[in-house]
Number of protein chains: 2
Amino acid sequence: MAYTYEYPRPSVTVDCVVFGLDDSADLRILLIERADDPFAGHWALPGGFVDMGEDLDLAAKRELEEETGIKDIFIEQLYTFGAPNRDPRGRVISVAYYALVNLSEHPIKAASDARQAKWFKISELPPLAFDHNKVLEMALERLRAKVLYKPIGFELLPEKFTLTDLQNLYETILGQQLNRRNFRSKILKMGLLEQQERQQNVPHRPAYLYKFNKEKYQRLSERLGEFIFEIRFQPRETED
Amino acid sequence: MAYTYEYPRPSVTVDCVVFGLDDSADLRILLIERADDPFAGHWALPGGFVDMGEDLDLAAKRELEEETGIKDIFIEQLYTFGAPNRDPRGRVISVAYYALVNLSEHPIKAASDARQAKWFKISELPPLAFDHNKVLEMALERLRAKVLYKPIGFELLPEKFTLTDLQNLYETILGQQLNRRNFRSKILKMGLLEQQERQQNVPHRPAYLYKFNKEKYQRLSERLGEFIFEIRFQPRETED
DNA sequence: TCAAAAGTGTTTAGTTTACACCCATGC
DNA sequence: GCATGGGTGTAAACTAAACACTTTTGA
């Protein structure tokens with residue numbers, strides 16, 4: 001069956017930049033190996049064509065699940081890329097999303113269509129298909145900026161985590177070391193973390209686990225607007 | 001001439017939320033009256049179909065100029081709206097932009113195709129065509145959030161402005177009164193404003209005019225990252 | 001001389017930074 | 001008992017908020 005229109009139309013795709021944190025608190029990105037041309041054999045962001053009648057967000061979630069088995073995660077629209085020649089097949093406009101996932105609780109499955117999916121360290125990325133390097137770049141920027149004023153970092157951690165886990169997360173994403181004492185004070189003073197039981201079986205003093213109280217955050221942010229959650233550390237300027 | 005594809009394709013449009021400040025520092029939005037169905041006679045955001053081979057940003061700028069005569073302004077992608085039934089003509093995905101313009105220096109021209117364009121006060125908006133109310137809502141949110149940490153407010157002012165103009169702008173956008181003394185200290189301490197000559201012919205003590213030094217801002221923000229420019233006033237919490 | 005807005009100094013409270021010592025556990 | 005991270009108290013520097021008086025101009 002064919003579809004005919006009076007004016008030419010672009011294709012529309014969705015692409016997802018999926019971030020995860022590995023055991024050593026390194027940031028990773030989920031990529032799939034393309035089976036077909038263009039860019040067969042290259043690594044690319046998971047994604048695909050939007051169905052007619054399908055909402056964009058749903059298309060992003062569907063493609064992600066089809067290609068990697070991952071579902072029920074934090075996902076948000078990033079930006080729409082529409083440079084005329086970004087796809088050699090013709091005019092393809094891509095609505096990009098970024099997603100945050102807890103690596104340990106969302107193992108990737110073999111993709112249904114035999115394309116393999118793999119977590120790459122941010123520091124060891126292969127060259128990507130299409131303009132996906134640019135998309136990824138922008139997603140990283142967004143993540144770094146947003147993590148400073150929205151509590152989205154928790155999406156990368158399991159439900160219960162230690163303050164050290166959380167600090168490692170911020171240090172990884174922001175690419176800077178933070179003072180332990182001050183980090184803890186700042187985070188706890190917000191009153192959004194709930195202390196749980198202690199860790200078990202660690203070869204050192206066991207840390208308390210914490211849960212992020214999302215409901216409380218949402219209640220407060222409705223009442224108070226932005227910046228209930230703000231993590232920022234500006235080292236004091238040293239004299240020249 | 002007709003275009004035939006193997007799979008159905010959506011149409012892609014761009015829509016622009018254009019903000020301006022009027023003489024009494026009220027925020028206004030530029031709307032056009034639709035000539036044709038759907039929503040003939042209704043007010044809508046300026047916008048239209050993206051040409052094949054045309055970059056999205058360019059499409060937004062082109063449509064804006066065609067419909068309102070406005071060009072060479074600050075414009076940035078906002079969000080892509082793609083709910084399956086947002087347009088009665090079929091599947092239409094709209095990449096929304098928002099723009100900031102200095103109302104006095106960019107008068108609107110009669111639109112080429114006789115549709116009229118008009119500046120509406122934010123508080124006196126008509127019901128809009130399609131999902132444009134939602135788009136506008138999101139643009140406002142973005143503007144309110146972004147003005148706190150990026151110096152985009154200056155785009156709404158003429159090149160030279162008084163500190164009172166600037167303060168009025170922030171009070172309008174944020175919807176809250178600010179302390180004059182603290183506002184001035186904060187803004188001037190950043191070192192990004194350059195004092196010019198004084199106002200003339202005002203029936204009170206003439207204020208100094210200032211220019212925003214964009215180059216200096218860009219240099220600093222490259223070196224120092226986010227938050228060189230930060231306007232925030234949090235009234236101290238009162239005891240209950 | 002009056003109205004209207006411009007411009008500034010200072011106190012106080014609160015926050016952020018920087019720093020160093022003790023604690024609990026498994027091996 | 002020792003290695004490993006966990007946990008905390010506090011002084012000093014800085015920043016933000018709140019407040020009220022003086023200045024300059026045109027009418």
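Here is how names work: the chains are called A, B, and so on, in the same order as the sequence lines, proteins then strands, and each is numbered from 1.
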Student: Please give, in whole Å, the distance from D:dC19 P to B:L178 CG?
Tutor: 15 Å
Student: Taking the side chain of B:N179 as its heavy atoms from C-beta onward, which of C:dA6, D:dC19, C:dT17 lies nearest to it?
Tutor: D:dC19
Student: Calculate the interatomic distance between B:Q177 atom CD and D:dA17 atom P; express it in whole Å.
Tutor: 16 Å
Student: For residues A:N168 and A:A25, report the shortest heavy-atom separation together with the two atoms involved.
Tutor: CB-CB, 3.8 Å
Student: Starting from C1' on C:dA5, measure out to NE2 on B:H204 and report it in whole angstrom.
Tutor: 5 Å
Student: Between the base of D:dG7 and the side chain of A:R180, is there a donor and acceptor pair under 3.5 angstrom?
Tutor: yes
Student: Got a sec, which pairs hit ring-ring contact (aromatic ring centres under 6.0 Å, His included) with one end in residues 119-151 of chain B, sequence neighbours left out?
Tutor: B:F39-B:F130, B:W43-B:F120, B:F130-B:H132
Student: What verdict does the salt bridge (charged side-chain N to carboxylate O under 4.0 Å, His left out) test give for B:K150 and B:E155, after you've listed the backbone C-alpha separation in whole Å, the side-chain angles of each residue and the deciding distance to 0.1 Å?
Tutor: CA-CA 11 Å; B:K150 294 273 179 179; B:E155 305 288 343; over 6 Å; no
Student: Write down the atom of A:K146, the atom of A:Y98, and the distance for their closest heavy-atom approach.
Tutor: CD-OH, 3.5 Å
Student: Checking all strands, does A:T164 fall into the base, sugar-phosphate, or nothing category for heavy-atom contacts under 4.0 angstrom?
Tutor: sugar-phosphate
Student: Rounding to a whole Å, what distance do you find between B:N201:CG and C:dA5:C1'?
Tutor: 15 Å
Student: Is there a donor-acceptor pair closer than 3.5 Å between any side-chain N or O of A:Q199 and the backbone N or O of A:A207?
Tutor: yes
Student: Counting only non-hydrogen atoms, which of residues 181-199 of chain A are less than 4.0 Å from DNA chain C?
Tutor: A:R181, A:N182, A:K189
Student: Between B:E63 and B:P46, is there a donor-acceptor pair closer than 3.5 Å when you use the side chain of the first and the backbone of the second?
Tutor: no
Student: Quick one: B:R232 CZ to D:dT15 C1', roughly how many Å, whole number?
Tutor: 12 Å
Student: Quick one: B:Q200 CD to D:dG26 C1', roughly how many Å, whole number?
Tutor: 13 Å
Student: Nearest-Å distance, OH (B:Y208) to P (D:dT23)?
Tutor: 15 Å
Student: Before giving the answer on side chain to side chain donor-acceptor pair (under 3.5 Å), spell out for B:N182 and B:S185 the whole-Å C-alpha distance, their side-chain angles and the decisive distance to 0.1 Å.
Tutor: CA-CA 5 Å; B:N182 295 341; B:S185 311; 5.1 Å; no
Student: Nearest whole Å is fine: how far is C:dA18 P from A:Q176 CD?
Tutor: 11 Å
